[in-house]
Amino acid sequence: FPFTVLRRILVRKAAPDVVHIGDMALWPLGVLAKWRFGAARVVLTAHGTDVSYPRRGGLKGRAYGAYLRLGARLLRRALVTANSPATERVTRGYGWKNILVIPLATDLVASPEIAAPGRHLLFAGRLVERKGCAWFIRQVLPLLPPEIELHVAGPLTDPQEAAALGNPRVRYLGTLGGEALARAYREALAVVVPNIEPANGEFEGFGLVACEAAAAGGVVLAADCGGLPAAVIDKVTGMLVESADPRAWVQAIEAVSGWPAERRADFVTASLAAVETHYRWPRVAEATLTAYLTDPKDFRFH
């Protein structure tokens, strides 16, 4: 991908109006674009991981933090689109000033029929510490009624997280996609997104699973940390739950478990309507186009 962008910058004869670079780690391409096309506007997108890596510490982390700060100095007038206020705050900490928050979206579509839920919860995503799957298995699952199981879908990224799947109340589904994933979302009692904040300060930039699950007709319970509040409209497309608080999670799950069929159907119907307004790609495209067309001095940047 970087080489494709590099080739287009070097080979293109007519100057583009905008050069959009899709990852903060690739900011030097913005410097090259300014050199090659002086009048072009440089836009970068911050996702979360691409600005949180310095928080891992060590020589590599410190070097990458210095690298981001250098980019902020060399591209002072560049516009950054961030996927959540959490990503915006961290990006701003490295000196980037002109930041516009544009939350992400999904193209997942719900089945026309609202599924009757099973007696299991679903976790979907990479098994890494900040996503909280192992924390949930160890701290929350034992407090729930014994008939409630946790189904887990996603790649086994971290061995320590994967070790928690040995719990007898956990069923590992492998990596799901497409209709299989959409069906898993809507058939679960609730889709849990139990992110925690690791000691090193890494965070979830957005939390696409939360709006995907809502778009598929699932009931979402998500931690109120990192970028997840941008991926969930609380009490509309899901419920935000206090991060790393087992009792709060138990209460939220028990509440959803006690819903009669009519209340669940009403909630899912309203959630799907909100998804169509807030979490579809045309909204993202329109906001991005507006950013392209607006003069930087017209933005009220901090």
Side-chain angles (χ1 to χ4, degrees), residues 83-86 101-125 131-132 136 140 144 148 150-151 153 176-195 204-243 245 247-287:
N83 57 9
S84 70
V101 175
I102 304 178
L104 299 181
T106 177
D107 53 10
L108 224 60
V109 178
S111 166
E113 296 183 1
I114 297 175
R119 292 295 293 171
H120 65 273
L121 306 167
L122 175 70
F123 170 93
K131 292 185 182 290
F136 186 91
V140 180
L144 295 171
I148 293 182
L150 176 69
H151 293 184
L176 301 181
E179 177 53 29
L181 180 58
R183 185 169 58 252
Y185 283 144
R186 63 178 172 262
E187 291 181 353
L189 175 64
V191 179
V192 295
V193 191
N195 284 58
E204 189 73 38
F206 180 68
L208 189 59
V209 164
C211 65
E212 275 189 351
V219 173
V220 177
L221 302 176
D224 62 349
C225 66
L228 282 166
V232 176
I233 303 173
D234 192 25
K235 298 180 179 60
V236 179
T237 65
M239 275 68 71
L240 293 173
V241 183
E242 188 172 350
S243 176
D245 184 337
R247 289 294 175 184
W249 279 91
V250 170
Q251 290 173 7
I253 293 164
E254 288 179 343
V256 170
S257 179
W259 283 356
E262 296 80 4
R263 180 172 180 184
R264 184 181 180 94
D266 289 345
F267 180 88
V268 170
T269 299
S271 174
L272 291 173
V275 166
E276 291 302 315
T277 300
H278 297 281
Y279 295 115
R280 291 304 186 194
W281 289 111
R283 187 266 308 159
V284 177
E286 182 179 356

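Because the structure is a prediction, the values reported are computed rather than measured.
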Can you tell if the side chain of [X] reaches within under 4.5 Å of the side chain of [Y], non-hydrogen atoms only?
X	Y	result
V268	D266	no
V241	D224	no
V191	L121	no
L189	V219	no

Pairwise distance [atom1]([X]) to [atom2]([Y]) - rounded to 0.5 angstrom:
X	Y	atom1	atom2	answer
F206	L104	CZ	CG	5.0 Å
L181	L122	CG	CG	7.5 Å
R264	S271	CZ	OG	10.5 Å
E204	S243	CD	OG	11.0 Å
M239	F267	CE	CZ	4.0 Å

Exercise for the section: Say whether R119 and S257, considering side chains only, have a donor N or O and an acceptor N or O under 3.5 Å apart. Expected result: yes
Does [X] reach the main-chain N or O of [Y] with its side chain, forming a donor-acceptor pair under 3.5 Å?
X	Y	answer
R186	A214	no
R183	G178	no
D234	L240	yes
T237	I233	yes
S84	G205	yes
W249	E242	yes

Practice task
Please assess F136 against K131 for the test side chain to side chain contact (heavy atoms under 4.5 Å, CB included), listing each intermediate value before the final yes or no.
Solution key: CA-CA 9 Å; F136 186 91; K131 292 185 182 290; over 6 Å; no
Exercise for the section: Any chance you could lay out the side chain to side chain contact (heavy atoms under 4.5 Å, CB included) test for L221 and I253, step after step, and finish with the verdict? Expected result: CA-CA 8 Å; L221 302 176; I253 293 164; 3.7 Å; yes
Practice task
Could you check whether the rings of H120 and H151 sit parallel, tilted or perpendicular, using 30° and 60° as the cut-offs?
Solution key: parallel
Exercise for the section: Any chance you could lay out the side chain to side chain contact (heavy atoms under 4.5 Å, CB included) test for N83 and I102, step after step, and finish with the verdict? Expected result: CA-CA 5 Å; N83 57 9; I102 304 178; over 6 Å; no
Give the minimum heavy-atom separation between [X] and [Y], together with the two atoms involved.
X	Y	value
A210	V220	O-CG2, 3.5 Å
G207	A231	O-CB, 3.4 Å
I148	L144	CG2-CD1, 4.3 Å
A182	A216	O-CB, 3.8 Å
A215	L272	O-CD2, 3.4 Å
P194	F123	CD-CD1, 3.7 Å

Practice task
Decide side chain to side chain contact (heavy atoms under 4.5 Å, CB included) for Y185 and L108; before the verdict, give the C-alpha distance in whole Å, the side-chain angles of both, and the deciding distance to 0.1 Å.
Solution key: CA-CA 11 Å; Y185 283 144; L108 224 60; 3.8 Å; yes
Practice task
Step through the shown structure and confirm whether more than 12 heavy atoms of other residues, nucleotides or ligands are within 6.0 Å of CD on E286.
Solution key: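 It does not: E286 CD has 12 such atoms or fewer within range.
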Exercise for the section: State plainly whether the residues R280 and E212 are in salt-bridge range, i.e. N to O under 4.0 Å. Expected result: no
